[in-house]
Amino acid sequence: MTDKEKENPQEPDIQSKLTKSDGKLETNTIEYKEKQGNLSIEEHNELHTDSESTGSVGDGTTPPAGSSEQSASAAGTGESAPETPPASGAAQRPDRAAARSAAAAEAGGTVPAAANSAAPIEGAAAEDGGDKAKAAAEARAARAAARAAKTAAPAEDAPPKPPSPNQPLLDRLVEILKGEVAGDAVDEAFINEIDGHRPFVVIRGEHWVRAAEVFLQHEELQCGYLRSVSGVDLGNQLEVVYHLLSIPLRKEYGVRVRTEREAPSVPSVVSVWPTADWNEREIYDLLGIDFPGHPNLTRIMMPDEWVGHPLRKDYEAYDPEV
């Protein structure tokens, strides 16, 4: 016995126990993965070959080869063999897997049924995922084709749009205005469907005062209530919108009067509906539309010395932070 062996006679046994412990830990880990269903083919082969073979590392029957080589070397030379650290489970796994594959090939080339079933399961899952992705892509393509076909379909193929229930009311209004005011008094007539199918007419500015009198006095119109007046900046021109209500007849109409952007002007209808007074002043103040015939057309919201009209799209504030 060498001096080193005399100092530490238990070292070979400790090394053997460490190697056995590592082998058992690795085997237990593989068994746990098998119970959880996460075992790969190589690990499955490793686990089942360990249970079939004898004298392997981890069964507690035979010390590791490194220990016997060290003892033989020590016995033949009289010197202590160099210490070989026990191989970890990760380092031992490829060699054992290769040895088990070779043993299986010599025994007839068969692999346990559980190992064979893992690959088909993985392949089936991949195939199933590919089928789902393919089906989703085909569904998206079909929807896109349907949208394209719907857009490309000629307009005449679409069913005719049903007429508005207020279309007769609009036709009669246009007829009255052209007969009572002028043949060119109405520039445009349409039904505003999103506003309860309200009949709308676009009146030329030079005919607006007379048209307002017809709206008020005609027995088929009787629009004595001016519900609202508002100004709109259309970009290339300005517009004043009037909403009229006939309380006795329970009918509603809309009127638009357009004007040029430079020096905009719309005749005042304060003489027809006095309630238009403050509405026209507000539009004059914020949009700069002049209302000839208004009795007191002055600013109503901004100071008299204010420069510009804040509701115009091209308005530039003197102080943007205010």
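Sequential numbering from 1 along the given sequence is applied to the chain's residues. What you are looking at is a predicted structure, and each value in this text was computed from that prediction instead of being measured.
With contacts defined as side-chain heavy-atom distances shorter than 4.5 Å, the pair I203/L177 qualifies.
R258 pairs by the salt bridge (Lys or Arg N to Asp or Glu O under 4.0 Å) definition with E188, E239, not counting sequence neighbours. For D171, the salt bridge (Lys or Arg N to Asp or Glu O under 4.0 Å) test picks out no residue, with sequence neighbours left out. Take R143 and apply the side chain to side chain contact (heavy atoms under 4.5 Å, CB included) test, not counting sequence neighbours, and it matches A139, R140, R147.
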Requested in this report: With side-chain contact (heavy atoms from CB on, under 4.5 Å) as the test, would you mind laying out the steps for E175 and E220 before giving the verdict?
Outcome: CA-CA 11 Å; E175 182 181 353; E220 293 185 38; over 6 Å; no
Report task. Decide side-chain contact (heavy atoms from CB on, under 4.5 Å) for R312 and R261; before the verdict, give the C-alpha distance in whole Å, the side-chain angles of both, and the deciding distance to 0.1 Å. Result -> CA-CA 10 Å; R312 282 205 179 194; R261 191 174 187 82; 4.2 Å; yes
**Report entry** Worked verdict on V202 versus V186 for side-chain contact (heavy atoms from CB on, under 4.5 Å)
**Finding:** CA-CA 6 Å; V202 180; V186 179; 6.0 Å; no
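Nearest heavy atoms, Y253 versus C223: CD1-SG, 3.5 Å. Across all their heavy atoms, N296 and R281 have their closest contact at O-CD, 3.4 Å. Of all the heavy atoms in P267 and V209, the pair that sits closest is CB-CG2, 3.5 Å. Here the closest heavy-atom approach between residue S268 and residue G293 is recorded as CB-C, 3.8 Å. Minimum interatomic distance between P264 and G288 (heavy atoms only, all atoms of both residues): CG-O, 3.4 Å. Nearest heavy atoms, S164 versus I191: OG-CG2, 3.4 Å.
For residues 168-212, every residue pair satisfying the ring-ring contact (aromatic ring centres under 6.0 Å, His included) rule, not counting sequence neighbours, is listed here: F190-F200, F200-H243, W208-Y242. Residue pairs meeting the salt bridge (charged side-chain N to carboxylate O under 4.0 Å, His left out) criterion with at least one partner in residues 292-306, sequence neighbours excluded, are D285-R299. Residue pairs that meet the ring-ring contact (aromatic ring centres under 6.0 Å, His included) test with at least one member in residues 266-285, sequence neighbours left out, do not exist here.
Under the 4.5 Å side-chain heavy-atom criterion for grouping Ile, Leu, Val, Met, Phe, Trp and Tyr, L216 is connected to V214 within one hydrophobic cluster. A single hydrophobic cluster is not seen to contain both V307 and M302; linkage of ILVMFWY side chains at heavy-atom distances under 4.5 Å, directly or through other members, places them apart. Residue M301 is grouped with residue I289 when hydrophobic side chains (ILVMFWY) are merged at heavy-atom distances under 4.5 angstrom, including chains of intermediate members. Hydrophobic clustering (ILVMFWY, side-chain heavy atoms < 4.5 Å, transitive): V255 and V270 are in distinct clusters. Under the 4.5 Å side-chain heavy-atom criterion for grouping Ile, Leu, Val, Met, Phe, Trp and Tyr, L287 is connected to W306 within one hydrophobic cluster.
The distance from the CG atom of L245 to the CD atom of Q222 is 11.5 Å, given to the nearest 0.5 Å. Note that OG of S228 is 8.5 Å distant from CG of L244, once rounded to the nearest 0.5 Å. Note that OG1 of T259 and CD of Q237 are 8.0 Å apart. Values are rounded to the nearest 0.5 Å. In this structure, CZ in R198 is found 11.5 Å from CG in L169, a value given to the nearest 0.5 Å. L173 contributes atom CG, which lies 10.0 Å from atom NZ of K251 (distance to the nearest 0.5 angstrom). The line from CG of L286 to OG of S230 is 12.0 Å long, rounded to the nearest 0.5 Å.
Residue-environment remark: CD (E206) exceeds the threshold of 12 foreign heavy atoms within 6.0 Å. A 6.0 Å sphere centred on CD1 of I194 holds no more than 12 heavy atoms belonging to other residues, nucleotides or ligands.
Among V201, L226, V272, I176, the one residue that satisfies the side-chain contact (heavy atoms from CB on, under 4.5 Å) test with F215 is V201.
Between the side chain of R204 and the backbone N or O of D184 there is at least one donor-acceptor pair closer than 3.5 Å.
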